[in-house]
Amino acid sequence: MAGLANSGSNPDVDLLYDINGLAKDAPPWFDRIMEFVGEYGLLFAMVLLVVWCWWTVRRRGGEDAAPSVAALVWAPLAAGVAVLVNVPIRGFVERPRPFNDHQGLEVLVDGKTDYSFVSDHATITMALAVGLFVANRKFGLVGLGIALLEGFCRVYMGVHYPTDVVGGLALGTAVALLLSPLAMALLTPVMRAIERSPRAGWLITARGRHHTEEGRVAAGARNGAPGGPEERDLAA
């Protein structure tokens, strides 16, 4: 398995050279930007996106606030589980980094001594993106775009083969989706309990919105109207 994609005639290697060749043609300042973006920037952007989605969910409130926050809590947990699953996969495949087997690559990050398959960065960003999509489709689509861009950056930087990225995207998706029903079943009751807490309830629903929703439901019950909260965007 260690010799995977070592042949120069392999389409995986050809695509590696094509994408990484862009780094050779780019000015040094642009490569430095890509190095930061691919190593840290996009991961930070995903974290900010999760926080933004949480802030939006809690401000909107409603019955589906707790399940939505549960999905957002699951997103980083899914990323962590996916990285743990990747540990034995890397040990089994034992694929060297592309710059160890192929000459002429423009490597933007030094010090990469671990195995290449699968990409942790691609795995983490895709798991976060899928978790976001479960909570909110609009935020999830933005997250999916960031995950794909992360995969491109890893190949551009010369530290991963394209199939490393594809494997990472698939692993992050599989873990986040397959374990989502169990995670939601466990996390949603916890989030509902937090929502009812006088001290921690603001983590799930903004207090002003919470009281407004309660008043609207009570008024609707008195008048015989539905009075329920607005439709949510939870993509369970």
Side-chain angles (χ1 to χ4, degrees), residues 41-83 122-150 169-236:
L42 292 176
L43 290 176
F44 184 64
M46 285 297 303
V47 172
L48 290 180
L49 194 63
V50 171
V51 173
W52 186 9
C53 186
W54 162 75
W55 186 260
T56 301
V57 166
R58 69 174 291 275
R59 286 190 62 189
R60 186 179 302 171
E63 291 184 355
D64 290 331
S68 295
V69 175
L72 294 174
V73 172
W74 168 237
L77 293 177
V81 171
V83 170
T123 300
I124 292 171
T125 51
M126 182 54 79
L128 288 170
V130 173
L132 267 174
F133 190 83
V134 171
N136 186 289
R137 287 186 178 89
K138 293 180 180 179
F139 281 92
L141 289 175
V142 175
L144 291 174
I146 292 176
L148 294 176
L149 181 58
E150 178 69 88
L169 297 177
L171 177 59
T173 300
V175 169
L177 280 184
L178 293 179
L179 297 182
S180 178
L182 176 61
M184 293 296 291
L186 295 175
L187 291 172
T188 299
V190 176
M191 297 303 112
R192 291 199 185 279
I194 294 175
E195 185 179 21
R196 293 191 296 269
S197 170
R199 294 185 177 181
W202 64 271
L203 291 170
I204 311 299
T205 305
R207 281 308 182 188
R209 172 67 66 174
H210 179 70
H211 295 317
T212 299
E213 291 291 344
E214 285 184 344
R216 187 156 62 89
V217 172
R222 289 192 301 269
N223 298 330
E230 62 188 84
E231 183 180 355
R232 306 291 297 125
D233 191 23
L234 182 67

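For this chain, numbers begin at 1 and follow the sequence in order.
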Colleague: To the nearest 0.5 Å, what is the distance between CZ (R60) and OG1 (T205)?
Modeller: 12.0 Å

Colleague: After noting the C-alpha distance and the side-chain angles of L49 and V142, does the key distance pass the side-chain contact (heavy atoms from CB on, under 4.5 Å) rule?
Modeller: CA-CA 8 Å; L49 194 63; V142 175; 3.9 Å; yes

Colleague: Looking at every heavy atom in both A45 and I146, which two are closest together, and how far apart are they?
Modeller: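 Nearest pair, atom of A45 first, then I146: CB-CD1, 4.3 Å.
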
Colleague: With rounding to the nearest 0.5 Å, note down the distance linking OG1 in T56 to CG in N136.
Modeller: 7.5 Å

Colleague: Let me confirm one number: the CZ-CG distance from F133 to L128, rounded to the nearest 0.5 Å.
Modeller: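 If I round to the nearest 0.5 Å, the distance is 15.5 Å.
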
Colleague: side-chain contact (heavy atoms from CB on, under 4.5 Å) between L169 and L148: does it pass, once the steps are laid out?
Modeller: CA-CA 8 Å; L169 297 177; L148 294 176; 3.9 Å; yes

Colleague: Return the OG1 to CG distance between T125 and L132, rounded to the nearest 0.5 Å.
Modeller: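 If we round to the nearest 0.5 Å, T125:OG1 and L132:CG are 11.5 Å apart.
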
Colleague: Please report the interatomic distance CE(M184) to OG(S68), rounded to the nearest 0.5 Å.
Modeller: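 Between atom CE of M184 and atom OG of S68 there are 7.5 Å.
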
Colleague: Working to the nearest 0.5 angstrom, can you tell me the gap between E63 CD and E195 CD?
Modeller: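 These two atoms lie 9.5 Å from each other.
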
Colleague: Please check: side-chain N/O of T188 versus main-chain N/O of A185, any donor-acceptor pairing under 3.5 Å?
Modeller: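 No; zero donor-acceptor contacts below 3.5 Å.
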
Colleague: Would V51 and L48 satisfy side-chain contact (heavy atoms from CB on, under 4.5 Å), going step by step from the backbone distance to the final call?
Modeller: CA-CA 5 Å; V51 173; L48 290 180; 5.5 Å; no

Colleague: Is it the case that the side chain of W74 and the backbone of G131 share a donor-acceptor pair, with hydrogens and angles ignored and the cut-off at 3.5 Å?
Modeller: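 No; zero donor-acceptor contacts below 3.5 Å.
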
Colleague: Provide the closest heavy-atom pair for V69 versus L203 in the form atom of the first, atom of the second, distance.
Modeller: CG2-O, 4.4 Å

Colleague: Which atoms form the tightest heavy-atom contact between A71 and A135, and what is the distance?
Modeller: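 The answer is CB-CB, 3.6 Å.
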
Colleague: What do the steps show when you test I204 against R192 for side-chain contact (heavy atoms from CB on, under 4.5 Å), and what is the final call?
Modeller: CA-CA 8 Å; I204 311 299; R192 291 199 185 279; over 6 Å; no

Colleague: Considering non-hydrogen atoms only, spot the tightest contact between G172 and A82 and give its length.
Modeller: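 Looks like CA-CB, 4.4 Å.
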
Colleague: Identify the two heavy atoms, one from T123 and one from V83, that lie closest to each other, and give their separation to 0.1 Å.
Modeller: CG2-N, 4.4 Å

Colleague: Minimum heavy-atom separation for L187 and A70, please, with both atom names.
Modeller: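 Closest pair (atom of L187, atom of A70, distance): CD1-O, 3.6 Å.
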
